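All ligand and atom numbering here is 1-based and tracks the order in the structure. Values in this document were obtained by computation on a predicted structure and should not be read as measured data.
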Amino acid sequence: MSTPPSTSAQSQPAAAETYDVVVVGAGFAGLYMLHKLRGQGFSVRVYEQGGDVGGTWYWNRYPGARCDVESMQYSYSFSDELQQEWDWSERYAPQPEILKYANHVADRFNLRSDIAFDTRVDRAEFDESANSWAVTTSDDRSVTAKYVVLATGCLSNARMPDIRGLSGFKGKVYHTGNWPHEPIDFTGQRVGVIGTGSSAIQSVPIIAEEAEHLTVFQRTANFSIPARNAALTAEEREAFRQKYSEIRRFAREEARNGIYTEMPDRGALEDGENERRSKYEARWSRGGLTFMSVYNNLAIDKAANDTAADFVRAKIAETVKDPQTAKLLQPNNHPIGSKRICIDSDYFATFNRPNVTLVDIRSNPIEQILPNAVRAGGKDYEVDALVLATGFDAMTGSVAKIDIRGRNGQTLNQKWAEGPKTYLGLMSAGFPNLFIITGPGSPSVLSNMIVSIEQHVDWIADCVGWMRDHGLEVLEAEQGAEDKWVAHVNEVAHTTLYPQANSWYMGANIPGKPQIFMPYIGGVGVYRQICNDVAAKGYEGFVMTAAQQPQKMAAS
Ligand SMILES: Cc1cc2nc3c(=O)[nH]c(=O)nc-3n(C[C@H](O)[C@H](O)[C@H](O)COP(=O)(O)OP(=O)(O)OC[C@H]3O[C@@H](n4cnc5c(N)ncnc54)[C@H](O)[C@@H]3O)c2cc1C
C-alpha cells in the first residue's frame with residue numbers, strides 16, 4: 001500500500017499527503033482503528049478536533065461523570081495484556097480514570113505519532129477519477145486517502161438549547177458535554193441545571209452539595225436505577241480477570257446489549273406479584289443497568305413493562321419526601337427502558353435537600369433567560385450559573401457537521417435529509433470507501449459501546465485487508481441491500497416499545513430532525529453474526545471495483 005508522506009521532499013512542489021486511511025476522531029473507536037490498521041501495514045492519519053485522546057471522556061468532565069456499564073466490561077478486550085494489567089478502582093470508574101485509561105492505551109500502543117490534535121475535519125470529497133477521498137481540515141490542509149473512517153462518536157455533538165436570552169445571561173454557562181478542564185467550584189452560588197437526562201442525573205447530587213441553591217429544570221422525568229457504586233477490591237478484579245475470556249465472548253456473541261449478565265428465561269407476567277416484586281427488589285439492591293434484564297419481555301410487552309415501571313415509580317415515591325416533587329419525578333410518558341435508562345447515586349434523595357428545587361418546565365416552559373434568572377411559567381428563578389445538561393445531537397450530529405460529498409457531488413446531508421440510511425450501519429450507498437463506526441443502523445448506543453466499537457473496527461480492518469489482498473480498490477454498499485437493511489432496522493424497532501418514547505434514539509430531542517429509530521435493536525450477538533455472514537459471502541450487498549471494472553468477488 002502507499003507509504004506515509006515523506007517530510008524531506010524539498011525541491012519538488014508539495015504533493016498532497018496521501019494515506020491509505022484517514023480516521024476522524026480519537027475516542028475509543030479512533031484509537032483502536034488506528035492500532036488495528038497500522039498493525040496490518042496501512043498508513044493511517046487520525047484527526048481529532050480536541051486537544052488529546054479520549055473522545056467522550058475528554059469532553060464530558062462535569063461533576064459526577066462516570067460510565068454506566070461496569071468498568072471491568074466498559075474497557076477494551078482486544079489486548080489480553082491490557083485487560084490483565086489495568087486496575088479499575090471502582091465498579092463504575094469516574095471520568096478522570098477513564099480518560100487516564102484512554103491515555104494509557106495511546107501511550108502503550110504508541111498511537112500519538114499518527115494523530116493530529118486540535119484539527120477538525122471539515123470536508124471530505126470523493127474523487128471518482130482517482131477513487132480516493134480528498135480530506136480538508138480546519139488548518140486548511142488537504143490530504144488524500146483511499147478510505148475514510150468516521151470515528152466521530154454518537155454522543156459528541158453537544159446540543160445547545162435555543163432559549164431566548166441565553167446569550168445575555170451574565171453568569172457562567174456550562175454544557176455538560178463540553179465542560180472546562182479546570183475544576184469548577186459552585187460554592188456559595190445559585191445554580192440552575194437545565195435538563196434531566198443521564199448527565200444531569202449524575203451531576204445534580206454533586207452540584208447540590210456545593211451550591212448555595214440548586215434549581216433543576218425538568219421537562220421529562222427519567223427512569224433511573226441506583227448504581228450502587230463502590231470501590232473494587234483486588235479479589236473482585238481478579239475473579240473477573242480469571243473468567244475474562246468467557247465474559248468477553250458472552251458479551252460479543254450472546255448478549256443483546258454487549259453486557260455479561262444472566263439471560264432471563266421468563267416474562268414478567270409469568271411470575272406472581274410477590275415473586276416479581278422480590279426479583280425487582282434483588283435487582284434494585286444489586287444496582288445498575290442489568291435491572292432491565294430481569295425478565296425477557298420488558299422491551300416488547302407493555303403490560304410486562306408496566307410492572308417494572310410501577311416498581312421504580314414506587315421507589316421514587318418512597319425516597320422523595322415531598323409528594324408533589326415525587327410525583328413530578330415519576331416518569332409517566334414512556335415505557336421504562338425505551339429511553340436510555342439512567343444509573344444514579346442518590347439522585348432522587350437529592351430532592352429532599354432544603355437547597356434543591358425542582359421546576360416542571362413541561363407545564364411551565366422556560367420563556368426566557370434573563371441576565372440573572374431563568375423565567376419559566378411567569379416566575380423568575382434567580383441563578384448565578386447555568387448548567388446545560390441538554391444532551392447531544394445523537395448519532396448523526398457530528399457526521400452532519402462534516403461536508404461529505406460522494407458520487408456525483410451528492411452530500412451525505414442531502415442523502416440523509418429524511419433520516420440516516422446505511423447498510424449495516426457501516427456504509428451508505430453512493431459514498432464509496434467511507435466507513436462509519438457505530439453508525440445509525442447498528443446496535444451502537446443500545447449496547448456496551450466498546451463491544452460494538454471493537455466489532456466494527458475488526459470488521460472494517462478485515463474488509464480493507466481483504467480488498468488489498470484481492471487487488472480491489474473501491475467498496476460500496478448496494479442501494480438495494482441498503483434499502484432492505486433500513487427496512488429491517490425499522491421493522492425490528494417497531495416490534496418493541498422503543499419507538500413509543502420521544503427519545504434521542506429517534507432524534508426527538510432536536511427540533512426539525514427527522515424522527516426515525518436510529519440504532520439497530522436486534523442485539524449485538526445477532527448483528528455480529530449478520531456482519532460476519534455478509535463478509536463470509538464475499539461482502540454480500542457491497543459492490544467492489546478493481547481498477548475500472550465493477551465485479552462481485554467470491555470470498556476465498
Ligand atoms: C457522559 C457519557 C457517559 C457515557 N457512558 C457510557 C457507558 O458507560 N457505556 C457505554 O457503552 N457508553 C457510554 N457512553 C457513550 C460513549 O460515547 C461511548 O461509550 C464511547 O466513548 C464512544 O467512543 P467513540 O470513539 O465512538 O466516540 P467519542 O468518544 O465521542 O469520540 C469521537 C471523537 O471524534 C471527534 N470528532 C468528531 N467530529 C470530528 C471532526 N469533524 N474532526 C475531528 N474530530 C472530530 C470528537 O471530538 C471526539 O473526540 C457515554 C457517553 C457520555 C456522553
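Atoms of ligand 1 lying under 4.0 Å from at least one heavy atom of Ala151, given by number and element, are 32 (C), 33 (C), 34 (O). Atom numbering of ligand 1 starts at 1 in the shown order; those under 4.0 Å from a heavy atom of Thr119 are 43 (C). Here is the list of ligand 1 atoms found below 4.0 Å of a heavy atom in Ser447: 11 (O).
Regarding atom 25 (O) of ligand 1, its nearest protein heavy-atom neighbour is Ala29 N, 2.9 Å. Here the protein heavy atom with the shortest distance to atom 35 (C) of ligand 1 is Glu48 OE1, 3.4 Å. For atom 15 (C) of ligand 1, the closest non-hydrogen atom of the protein is Met449 SD, 3.8 Å. Protein heavy atom nearest atom 43 (C) of ligand 1, with residue, atom name and distance: Gln49 N, 3.3 Å. At the top of the distance list for atom 34 (O) of ligand 1, counting protein heavy atoms only, stands Gly25 CA, 3.2 Å. Ranking the protein heavy atoms by distance from atom 38 (N) of ligand 1 puts Thr152 CG2, 3.5 Å first. The nearest heavy-atom contact from the protein to atom 52 (C) of ligand 1 is Thr56 CG2, 3.4 Å. Closest to atom 27 (O) of ligand 1, if we only count protein heavy atoms, is Gly153 CA, 3.1 Å.
Looking at Thr438 and Val445, their side chains never come closer than 4.5 Å, going by heavy atoms from C-beta outward. The shortest side-chain heavy-atom distance between Arg66 and Tyr74 does not fall under the 4.5 Å cut-off. When side chains are defined from C-beta on, Ile225 does not count as touching Phe223, because their heavy atoms never get closer than 4.5 Å.
Under 4.0 angstrom from ligand 1, there are no non-hydrogen atoms of Ser198. With a 4.0 Å cut-off on non-hydrogen atoms, Ala65 does not touch ligand 1 at all. If you look at Ile453 next to ligand 1, the close heavy atoms, those under 4.0 Å, all belong to the side chain.
Checking Ser75 against Arg248 by side-chain atom types alone, a donor-acceptor pair falls below 3.5 Å. Of the N and O atoms on the side chains of Thr152 and Lys401, not one donor lies less than 3.5 Å from an acceptor on the other residue. Looking only at atom types and distance, the side chain of Tyr62 has a donor-acceptor partner in the side chain of Gln202 under 3.5 Å away. A donor-acceptor pair shorter than 3.5 Å cannot be found between the side chains of Thr119 and Arg141. There is a side-chain donor-acceptor pair under 3.5 Å between Asp139 and Thr137. A donor atom on one side chain and an acceptor atom on the other are found under 3.5 Å apart for Thr144 and Thr18.
Of the N or O atoms in Asn60, none lie within a sub-3.5 Å distance of an N or O in ligand 1. Residue Phe28 has at least one N or O atom closer than 3.5 Å to an N or O atom of ligand 1. Where the criterion is an N or O separation shorter than 3.5 Å, residue side chain and backbone included, Cys67 fails it with respect to ligand 1. Considering both main-chain and side-chain atoms, Ser398 never comes within under 3.5 Å of ligand 1 through any nitrogen or oxygen pair. The shortest N/O to N/O separation between Asp68 and ligand 1 falls below 3.5 Å. At least one N or O atom of Val121, backbone or side chain, sits closer than 3.5 Å to an N or O atom of ligand 1. Not one N or O of Arg120 is nearer than 3.5 Å to an N or O of ligand 1, by distance alone.
Centroid-to-centroid, the aromatic rings of Phe240 and Tyr244 come within less than 6.0 Å. The distance between the ring centers of His181 and Tyr58 falls below 6.0 angstrom. The aromatic ring centroids of Phe109 and Tyr76 lie 6.0 Å or more from each other.
Heavy-atom separations between Tyr47 and ligand 1 include at least one value shorter than 4.0 Å. Distances shorter than 4.0 angstrom occur between a heavy atom of Ile402 and an atom of ligand 1. Proximity of Phe392 to ligand 1 is established by a heavy-atom distance of less than 4.0 Å. Within the 4.0 Å heavy-atom shell around ligand 1 one does not find Cys154. Under a 4.0 angstrom heavy-atom cut-off, Lys401 registers as lying outside contact with ligand 1. Between Leu150 and ligand 1 there is no heavy-atom distance shorter than 4.0 Å. Heavy atoms of Ser452 stay at 4.0 angstrom or farther from ligand 1.
No option in Ile402, Val135, Val21, Val23 other than Val135 meets the side-chain contact (heavy atoms from CB on, under 4.5 Å) test with Val148.
Residue Arg159 holds its CZ atom at 11.5 Å from CZ of Phe392, rounded to the nearest 0.5 Å.
A pairwise comparison of heavy atoms in Val191 and Ala211 identifies CG2-CB, 3.8 Å as the closest pair. Summarising the geometry of Ile336 relative to Met292, their closest heavy-atom pair is O-CE, 3.4 Å, with the distance given to 0.1 Å. Looking at every heavy atom in both residues, Glu97 comes nearest to Asp87 through OE2-O, 3.8 Å.
Which of Trp57, Tyr74, Tyr62 comes nearest to atom 5 (N) of ligand 1 through a heavy atom is settled by distance: it is Trp57.
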